[in-house]
Amino acid sequence: MASETLLCLPIIDFSNQNLKPGEPEWDLTRAHVLKALQDYGCFEASFDEVPFELRKSMFEAIEELFDLPLETKQGNKSQKPFHGYLGQHPTVPLYESMGIDDADVAAKVNAFTEKQWPQGNKSFSTTIQSFSEKLSVLAITVRRMIMESFGLLKYMDEHLNSTNYLLRVMKYQGPGTEEPKLGLPAHMDSSMLTILYQNHVHGLEVQTKDKNWTKVKPLQDSFIVLIGVSFYASLNGRLHPPNHRVMMTGTTTRYSLALLSVPKVGHLLSSPDELVNEEHPRLYKPYEFYEFLTFFNRDPSQNSLSALHTYCGM
Ligand SMILES: O=C(O)CCC(=O)C(=O)O
Ligand SMILES: [Fe+2]
């Protein structure tokens, strides 16, 4: 379907100092979050806890990483599907990406950095860790608000402790034409929650409920928050993850990053009984995220929700 429309996602401000559970501002913001996720599965977030200088350093760090020789980048391998180096794929020639697991944990980031730069690169590690740690606060806030909205307070700690943070960094080459070319195929994120941040080059498109593909052009300072399939399953289908893709035009390189809240190895995902009733029968049997990802990885071209249904649907 042609991409013609421009989508102005709801913009929600998380910079307010009074944004604390129990405060009126919190309740108001939580209502906006719920409405945006019900309508689109995603929204734009402004969040000034990540300083401007750090955002700038982050793109410099990512560029430096992608400028390394291909063999070095390909050395970034992982047992976990979709975590290591991805790129040089004939169907998505513009796309390259790498994953840094536990990107908010200094020791883990250092280990990644040492593999890429055996001689060391302290500023890369510091930038990645600091950015991820600061941005994870936004992920926690949004997840708290979602859990509260569905009356799941008693599961809050378990939910927040059930994930770690994977940072995926992306590079999309400009195709050198004004005719849009596929940067990243349509998909839903398997994560619990995803927070995207991009340089000045647009390209993200989201499929709305009426099935139209619409361009998302976030403000320069905005993050895009999307709900993932793991949250959909944990909420027994209450919030739907958005289908999204990247389309590229022109000659400028697009850099983007995604901070993914992903279920920890061994954690069993299941929806609380409170969200199961006659109107909402249980959708999935409890499942382990990485076992599902391994199953999904056998045919990543399939829709991840139908893959989940095949894997553990009731
Ligand atoms: O580059 C983007 O803006 C989107 C990336 C994305 O959807 C993903 O990594 O799952
Ligand atoms: Fe995505």
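Side chains included, hydrogens not; waters and symmetry mates left out as well; all remaining heavy atoms used. Both counts, for ligands and for their atoms, begin at 1 and track the order of listing.
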Student: Pairwise, report which nitrogen or oxygen atoms of ligand 1 are under 3.5 angstrom from protein nitrogen or oxygen atoms, and how far apart they are.
Tutor:
unit_1: ligand 1; atom_1: 1 (O); unit_2: Tyr172; atom_2: OH; d: 2.7
unit_1: ligand 1; atom_1: 1 (O); unit_2: Arg254; atom_2: NH1; d: 2.9
unit_1: ligand 1; atom_1: 1 (O); unit_2: Ser256; atom_2: OG; d: 2.7
unit_1: ligand 1; atom_1: 3 (O); unit_2: Arg254; atom_2: NH1; d: 3.2
unit_1: ligand 1; atom_1: 3 (O); unit_2: Arg254; atom_2: NH2; d: 2.9
unit_1: ligand 1; atom_1: 7 (O); unit_2: His187; atom_2: NE2; d: 3.1
unit_1: ligand 1; atom_1: 7 (O); unit_2: His244; atom_2: NE2; d: 3.0
unit_1: ligand 1; atom_1: 10 (O); unit_2: His187; atom_2: NE2; d: 3.0
unit_1: ligand 1; atom_1: 10 (O); unit_2: Asp189; atom_2: OD1; d: 3.1

Student: Ser57 and Thr127: side-chain donor and acceptor closer than 3.5 Å?
Tutor: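 Absent: no donor and acceptor within the cut-off.
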
Student: Return each pair, listed once, that meets side chain to side chain donor-acceptor pair (under 3.5 Å) where at least one residue sits in residues 305-314; pairs must be two or more places apart or across chains.
Tutor: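 Every candidate side chain to side chain donor-acceptor pair (under 3.5 Å) pair involving residues 305-314 fails, so no pair, neighbours aside, qualifies.
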
Student: What protein N, O or S atoms come within a distance below 2.8 Å of the Fe ion (ligand 2), ordered by chain and number?
Tutor: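 Only His187 NE2, Asp189 OD1, His244 NE2 fall inside 2.8 Å of the Fe ion (ligand 2).
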
Student: Can you establish whether the number of heavy atoms outside Gln119 located under 6.0 Å from its atom CD is more than 12?
Tutor: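 Counting other residues, nucleotides and ligands, CD of Gln119 exceeds 12 neighbours.
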
Student: Can you tell me if NZ on Lys35 sees more than 12 non-hydrogen neighbours from other groups inside 6.0 Å?
Tutor: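 No.
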
Student: Check the orientation of Phe124 and Phe112. Use parallel for under 30°, tilted for 30 to 60°, and perpendicular for over 60°.
Tutor: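 Phe124 and Phe112: parallel rings.
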
Student: Closer than 4.0 angstrom, basic N to acidic O: yes or no for Arg245 and Glu205?
Tutor: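 Yes, this pair counts.
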
Student: Looking only at the side chains, is there a donor atom on one of Asp189 and Thr194 sitting less than 3.5 Å from an acceptor on the other?
Tutor: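 A donor-acceptor contact under 3.5 Å links the two side chains.
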
Student: Testing the 3.5 Å rule here: is there a donor-acceptor pair between the side chains of Thr253 and Tyr255?
Tutor: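 No.
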
Student: Apply salt bridge (Lys or Arg N to Asp or Glu O under 4.0 Å) to Asp102 and list each qualifying residue two or more places apart in sequence or on a separate chain.
Tutor: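 Only Lys108 meet the salt bridge (Lys or Arg N to Asp or Glu O under 4.0 Å) criterion with Asp102.
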
